[in-house]
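A quick write-up on the structure given underneath.
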Amino acid sequence: MKRTSVYAEAADLAVITEAARKRGVPAAELLREGIRLAAMANRVWDEPLDWPTFDISPVSGSAGER
């Protein structure tokens with residue numbers, strides 16, 4: 001791990017501190033979790049992912065149509 005400093009709103013820190021207290025973990029652990037989630041949500045891949053696609057258009061005569 002590497003140490004860093006960030007500025008945060010007092011109200012946000014109060015929520016984090018209270019959540020950490022209720023979970024019985026240090027506030028730093030919640031901050032690390034938040035950083036991890038933000039990092040993964042904003043990750044940019046070198047190559048596009050080749051995910052399969054599916055046609056989900058409705059089929060004529062299906063049970064849902066009348």
Nearest-0.5 Å distance, CG of residue Asp12 to CG of residue Leu31 =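 Asp12 atom CG to Leu31 atom CG measures 10.0 Å (nearest 0.5 Å).
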task = With rounding to the nearest 0.5 Å, note down the distance linking CG in Leu37 to CG in Asn42.
result =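 Interatomic distance, Leu37 CG to Asn42 CG, rounded to 0.5 Å: 11.0 Å.
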ask   = How would you list all residue pairs meeting salt bridge (charged side-chain N to carboxylate O under 4.0 Å, His left out) that involve residues 29-38, not counting sequence neighbours?
value =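 For residues 29-38: Arg23-Glu33, Glu29-Arg32.
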key: Where Ala20 and Leu30 come nearest, the two heavy atoms and their spacing   =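 That closest heavy-atom pairing would be N-CD1, 3.4 Å.
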task = Check the hydrophobic clustering (I, L, V, M, F, W, Y; side-chain heavy atoms under 4.5 Å; chains of links allowed) and say if Ile16 and Val25 are grouped together.
result =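 The answer is yes; both residues are in one hydrophobic cluster.
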